[in-house]
Protein chains: 2
Amino acid sequence: MATEAATIMLVDDHPLLRKGLKQLIALEDDMQVVAEASNGQDALRLAPEYDPDLIVLDLNMQGMDGIETLKKLRDAGVTSRIIMLTVSDADDDVVAAITNGADGYLLKDMEPEQLLEQIHRAVTGKMVLSEAITEILATALRQPAKTPSSQLSSLTNREYEILSLIAKGMSNKVIARELDISDGTVKVHVKHLLKKLGLRSRVEAAVWMVNQQGEN
Amino acid sequence: MATEAATIMLVDDHPLLRKGLKQLIALEDDMQVVAEASNGQDALRLAPEYDPDLIVLDLNMQGMDGIETLKKLRDAGVTSRIIMLTVSDADDDVVAAITNGADGYLLKDMEPEQLLEQIHRAVTGKMVLSEAITEILATALRQPAKTPSSQLSSLTNREYEILSLIAKGMSNKVIARELDISDGTVKVHVKHLLKKLGLRSRVEAAVWMVNQQGEN
DNA sequence: AATGGGCTACCCATAAAGGGGTATTTTGAA
DNA sequence: TTCAAAATACCCCTTTATGGGTAGCCCATT
């Protein structure tokens with residue numbers, strides 16, 4: 001990476017934005033765009049093929065959204081640095097992105113020079129965050145009660161109940177019998193609670209919950 | 001104990017369950033709840049102080065679990081009769097409870113009347129077991145070989161390593177990449193470690209491991 | 001009356017996990 | 001050196017889990 005130019009893949013469903021970003025990056029002789037994708041599926045296919053140093057991922061895409069793509073990329077073993085690029089500064093998105101393995105979160109309304117500089121920093125392994133984003137994260141961190149990544153309080157009673165049972169190692173079927181509801185319904189609650197907490201599996205949920213309980 | 005009401009201590013981390021059980025016992029004029037604890041530590045402190053005739057001990061508690069609490073109580077010289085109350089009918093738990101000095105093992109899904117009757121029997125010195133439990137014990141007795149609950153020490157280095165990663169919430173695929181082996185091999189190790197520990201799923205394994213780590 | 005959240009339950013699909021087996025290679029201890 | 005355990009990797013199969021959708025019902029707020 002020292003002598004060779006850093007490889008970058010762009011993932012955005014707006015051709016114009018990709019083109020602009022590509023030209024912007026082309027100005028730098030130590031970075032080059034080696035792949036482009038207009039959706040999550042293509043990104044998943046191309047990432048392993050090109051194994052870029054950096055992936056710039058749009059958060060707001062049709063179909064598979066950025067967070068979802070991010071998750072799947074990490075699941076697929078992609079170790080490239082990944083920064084999210086978006087117009088949105090929704091708190092939840094930021095937290096979800098970071099907790100799902102994003103290395104940065106930049107807003108599209110940044111000045112091009114600044115954006116380029118941040119991409120530089122990202123390539124060198126630093127976590128990059130827009131100023132507005134750092135505030136959001138800082139705010140989230142200042143609230144000691146609920147952890148940044150996940151709000152236990154955002155769960156409904158039922159979801160919390162089911163999370164507790166997961167943390168005892170129970171399967172959906174067992175939980176269903178325990179609560180006297182169908183296992184399909186349990187699945188729905190699990191689905192929702194995983195999304196709310198930004199976790200990828202019941203195992204993560206169980207571990208997280210147990211640690212949570214242990215701390216209090 | 002003949003003329004006076006039998007004294008009982010409840011140990012369960014669910015306040016609701018304690019309350020319900022307490023009210024249930026309050027219906028009987030020959031038994032009274034003299035102490036309550038929501039965790040193993042409190043139980044260890046209160047047991048010598050109140051020296052109850054009977055201790056009803058929840059198996060599935062956060063932090064120090066029921067089995068561990070049971071061991072420590074016996075180690076501390078507590079001679080009260082102790083019955084385990086639980087939702088779990090995991091074979092190993094039953095065996096572990098009995099071999100560690102429990103005088104009974106009841107399931108929480110019993111009918112209240114039946115539960116009360118069993119508690120009565122326990123106070124009078126009889127060993128009480130849920131029906132489903134007796135079968136498990138019988139089966140276990142037929143296989144004298146392997147020791148009760150769970151030996152971390154019986155795991156190979158690789159198995160322990162993988163168990164630790166499971167306790168971090170990782171999937172087999174992720175673990176495979178982490179250790180640079182095939183995910184099929186990870187499955188084999190998981191299979192073996194679950195069998196050795198007498199657990200039914202990676203979630204149980206994760207929870208068990210996290211608790212294990214928290215205690216040490 | 002209308003809206004929305006929460007709970008229930010199902011549909012569909014794919015991915016992950018679990019449990020049995022065989023087999024090769026490596027490693028360490030007898 | 002010989003043997004057994006450990007680690008690796010695959011085969012088979014079934015079960016669980018996950019993620020998307022629609023939809024009805026209840027209840028509270030508007």
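Letters A, B, ... are given to chains in the order of the sequence lines, protein chains preceding strands, and every chain is numbered from 1. It should be emphasised that the depicted structure is a prediction, and the values quoted were computed from it without experimental measurement.
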For A:R200 and D:dT18, what is the distance between atoms CZ and P respectively, to the nearest whole Å? 13 Å
Which nucleotide in D:dT8, D:dT18, D:dG20 has an atom nearest any side-chain atom of B:I181: D:dT8
Take atom CD of B:E161 and atom P of D:dA6, then tell me their distance rounded to the nearest Å. 15 Å
What is the separation between atom NZ on B:K191 and atom P on D:dT14, rounded to the nearest whole Å? 16 Å
For D:dA9, does OP1 or OP2 lie under 4.0 Å from any side-chain N or O of B:H189? no
Rounding to 10°, can you tell me the angle the first-five-pair axis of the helix from C:dA1-D:dT30 to C:dA30-D:dT1 makes with its last-five-pair axis? 50°
How many Å lie between NE2 on B:H192 and P on C:dG18, as a whole number? 14 Å
Counting only side-chain nitrogens and oxygens, does B:T185 get under 4.0 Å of the OP1 or OP2 atom of D:dA7? no
From the list B:E161, B:H192, B:K196, side-chain contact (heavy atoms from CB on, under 4.5 Å) with B:T156 holds only for B:K196
Side-chain (B:E204) to main-chain (B:R200) donor-acceptor, under 3.5 angstrom: yes
Worked verdict on B:L70 versus B:M84 for side-chain contact (heavy atoms from CB on, under 4.5 Å): CA-CA 9 Å; B:L70 171 62; B:M84 310 300 290; 4.2 Å; yes
Heavy-atom donor-acceptor pair, A:D103 side chain to A:I83 backbone, under 3.5 Å: no
One pair to check against side-chain contact (heavy atoms from CB on, under 4.5 Å): A:D12 and A:L21. What are the steps and the verdict? CA-CA 10 Å; A:D12 198 308; A:L21 202 50; over 6 Å; no
Counting distance only, does the side-chain N/O of A:R202 pair as donor-acceptor with the main-chain N or O of A:M170 below 3.5 Å? yes
Would one find a side-chain N or O of B:T156 under 4.0 angstrom from OP1 or OP2 of D:dA7? yes
Is any side-chain N or O of B:R202 closer than 4.0 Å to OP1 or OP2 of D:dA17? no
Side-chain N or O of B:K173 less than 4.0 angstrom from OP1 or OP2 on C:dA16? yes
Protein heavy-atom contacts under 4.0 Å, written 5' to 3' over nucleotides 22-30 of chain C as B (base), S (sugar-phosphate only) or - (none), form the string ---------
Measure CD1/A:I175 against P/D:dT15 and give the value in whole Å, please. 19 Å
Can you tell me if A:S171 touches the phosphate of D:dT16, counting only side-chain N or O atoms and a distance under 4.0 Å to OP1 or OP2? no
Rounded to whole Å, please give me the gap between CZ in A:R158 and P in C:dG5. 20 Å
Decide yes or no on side-chain contact (heavy atoms from CB on, under 4.5 Å) for A:H120 and A:D30, but give the supporting numbers first. CA-CA 9 Å; A:H120 257 125; A:D30 58 348; 2.9 Å; yes
Side-chain N or O of A:N172 less than 4.0 angstrom from OP1 or OP2 on D:dA17? yes
Between P on C:dC7 and CG on A:N157, what's the gap in Å once rounded to a whole number? 6 Å
Could you check whether any side-chain heavy atom of A:L73 comes within less than 4.5 Å of a side-chain heavy atom of A:L44, counting everything from C-beta outward? yes
Candidates C:dG18, D:dC10, C:dA9 - which lies nearest the side chain of A:S182: C:dA9
Whether the side chain of A:N39 engages the backbone of A:D42 through a donor-acceptor N/O pair (distance < 3.5 Å, no angle test) should be reported. yes
With no hydrogens and no angle check, is any side-chain donor or acceptor of A:S80 less than 3.5 Å from a backbone partner on A:D51? no
Integer-rounded Å distance: C:dA17 P and A:E204 CD: 11 Å
